[in-house]
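One structure is given below, encoded as structure tokens.
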Amino acid sequence: MIPVPTAQLHRRIIGWFDVQARDLPWRGPGRTPWAVMVSEFMLQQTPVVRVLPVYADWLDRWPAPADLAAAPAGDALRHWGRLGYPRRALRLHAAAGAIVEHHGGRVPRTAAELLTLPGVGTYTAAAVAAFAYGKRETVVDTNIRRVHARLLGGDALPAPTLTAAEMRRAADLLPDDDGESVKWNVAVMELGALICTARAPKCSQCPVLDACAWVAAGRPEPHYVPRGQAWAGTDRQVRGAMMGVLRDAVAPVIREVLVAEPVDLALGSPPGTVVSPLMKLHRLNASREQLERSLDGLVADGLASETPAGISLPS
DNA sequence: CATCCGTGGAA
DNA sequence: TTTCCAAGGAT
């Protein structure tokens, strides 16, 4: 492997980005800080292609923080659609309220201020400060972590959780110039998203292939086995199914309808039997206990609201 | 610090 | 068909 100075890594990866970057709406010249912030919330753990249509609808509907803040939380959840992790919609709605309340309706400019907003952690705070305001921030997401782990660490994948050493390394790599640092952050992120992918990386198209420590080491296997995210039978699956019912409901849903244990339709149901809509939609095989627990969780998290009339999205 | 929190396309 | 995992955050 040929040792490559950091300045040359900057030039080569930014040069690659200038040619190969995707044309994404939140990168356009007309973007507002709010538009950047909305995109960052939606992109948390969610692929770009699924975000695009919801993003366009949201910005059209709520072009400024005050617009979203003036809407009911339930509308935010409803228009979040099937993006997943609906609590993000709730937090973005709450963040809009805080921006109106404490920041004059404008998205804060500093990472420290951004960090105080609900749903904004170290990554999102740095990303908004950098991409919306051009600030020099250490942006570290899963793509950047993977590129650094391979290019500099010689590992197939980064550690399961973000370490202080990784943050230090990322900070050391950051170009001194503000404008260059922003380009570097987004360029490394894009390289991780398009070339240095988790599975089947496209190394032949990599602008820094000859400088990659992982390739030089013969592409060793990961040190650990990523434990898969369980899904079938989990509360998350049940909560998701319930949210799907509530999003589409035109009136409050009676609790009993949501927590009724599924009935095997193939056996035929006695007259008057309550058939859970969850069973119809998802073939869930959940106990009444799990259904109750999941519904109570949704209410506790503010994703659903219960009145004598039934369960609905919050107002 | 490990776990929980949705969803669906691709391998 | 199952498995993997995608611009994280909160607890």
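Proteins come first, then strands; the chains are lettered A, B, ... in the order of their sequence lines, and each starts at number 1.
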Cut-off 3.5 Å, side chains only: do A:E137 and A:S181 have a donor facing an acceptor?
no
For the pair made of CG in A:L43 and P in B:dT7, what is the distance, rounded to whole Å?
17 Å
Under a 3.5 Å cutoff, is there a donor and acceptor pairing between the side chains of A:T234 and A:Q237?
no
Using heavy-atom distances to pick each residue's nearest nucleotide on DNA chain B, tell me which of A:Q44 and A:V49 is more 5'.
A:Q44
Rounded to whole Å, please give me the gap between CZ in A:R50 and P in B:dG9.
7 Å
Sticking with atom P, work out how far B:dA11 lies from C:dA7, rounded to a whole angstrom.
15 Å
Just call it for A:R293: base, sugar-phosphate, or nothing, with non-hydrogen atoms closer than 4.0 Å on any strand.
nothing
To the nearest angstrom, the CE-P distance between A:M42 and B:dT7 comes to 15 Å
Could you go step by step and tell me if A:Q44 and A:Y123 meet the side chain to side chain donor-acceptor pair (under 3.5 Å) rule?
CA-CA 10 Å; A:Q44 290 168 5; A:Y123 163 75; over 6 Å; no
Taking atom C1' in both B:dC1 and C:dT11, compute the distance separating them and give it to the nearest angstrom.
11 Å
How is A:D301 classified with respect to the nucleic acid when contacts are heavy atoms under 4.0 Å: base, sugar-phosphate, or nothing?
nothing
When you group the ILVMFWY residues by side-chain heavy-atom contacts below 4.5 Å and let the links chain together, are A:W231 and A:Y85 in the same group?
no
Looking at every strand, decide which applies to A:I144 at a 4.0 Å heavy-atom threshold: base, sugar-phosphate, or nothing.
nothing
Within the 4.5 Å heavy-atom criterion, are A:M37 and A:F131 side-chain neighbours or not?
no
Looking at residues 187-203 of chain A, who's got a heavy atom less than 4.0 Å off DNA chain C?
A:M189, A:A193, A:A198, A:R199
A:Q237 CD - B:dC5 C1' separation (whole Å):
14 Å
Starting from A:M167, walk the hydrophobic network (Ile, Leu, Val, Met, Phe, Trp, Tyr; side-chain heavy atoms closer than 4.5 Å) and list everyone else you reach, by chain and number.
A:V140, A:L162
Contacts to DNA chain C from residues 22-31 of chain A, heavy-atom cutoff under 4.0 Å, which residues?
A:R22, A:L24, A:W26, A:R27
What is the minimum heavy-atom distance between A:A21 and A:R27, and which atoms define it?
CB-NH1, 4.1 Å
Start with the C-alpha gap between A:W62 and A:W34, add the side-chain angles, then the distance that decides, and say whether ring pair (Phe, Tyr, Trp, His ring centres under 6.0 Å) holds.
CA-CA 10 Å; A:W62 300 303; A:W34 172 243; 9.0 Å; no
Compare side-chain N and O positions of A:R87 against OP1 and OP2 of C:dT11 and report whether any pair is under 4.0 Å apart.
no
Identify every side-chain donor-acceptor pair in residues 294-305 of chain A under 3.5 Å, counting partners at least two apart or on other chains, and give the distances.
{"unit_1": "A:S294", "atom_1": "OG", "unit_2": "A:Q290", "atom_2": "O", "d": "2.9"}
{"unit_1": "A:D296", "atom_1": "OD1", "unit_2": "A:R255", "atom_2": "NH2", "d": "2.8"}
{"unit_1": "A:D301", "atom_1": "OD2", "unit_2": "A:R87", "atom_2": "NH2", "d": "3.3"}
{"unit_1": "A:D301", "atom_1": "OD2", "unit_2": "A:R239", "atom_2": "NH1", "d": "3.2"}
{"unit_1": "A:D301", "atom_1": "OD2", "unit_2": "A:R239", "atom_2": "NH2", "d": "2.9"}

Which is true for A:S39 with a 4.0 Å heavy-atom rule: it touches a base, it touches only sugar-phosphate, or it touches nothing?
nothing
Could you state the CG-C1' distance from A:L92 to C:dG8, rounded to the nearest angstrom?
14 Å
Spacing between A:N143 atom CG and C:dA6 atom C1', to the nearest angstrom:
8 Å
Scan A:R82 against the nucleic acid and name what it touches under 4.0 Å (heavy atoms): base, sugar-phosphate only, or nothing.
sugar-phosphate
Quick one: A:W231 CH2 to B:dT7 C1', roughly how many Å, whole number?
7 Å
Give the residues of residues 115-123 of chain A touching DNA chain C, defined as any heavy atom closer than 4.0 Å, sorted by residue number.
A:P118, A:G119, A:V120, A:G121, A:T122, A:Y123
Over all strands shown, is A:R91 touching base, sugar-phosphate only, or nothing at heavy-atom distances under 4.0 angstrom?
sugar-phosphate
Specify the residues of residues 163-182 of chain A, ordered by number, for which at least one heavy atom lies under 4.0 angstrom from an atom of DNA chain C.
none
Of A:T234 and A:T161, the one whose closest DNA chain B nucleotide lies more 5':
A:T161
Quick check: are there more than 12 heavy atoms from other residues, nucleotides or ligands sitting under 6.0 Å from CZ of A:R288?
yes
Would you mind reading off the distance between A:L157 atom CG and C:dC4 atom P, rounded to a whole angstrom?
12 Å
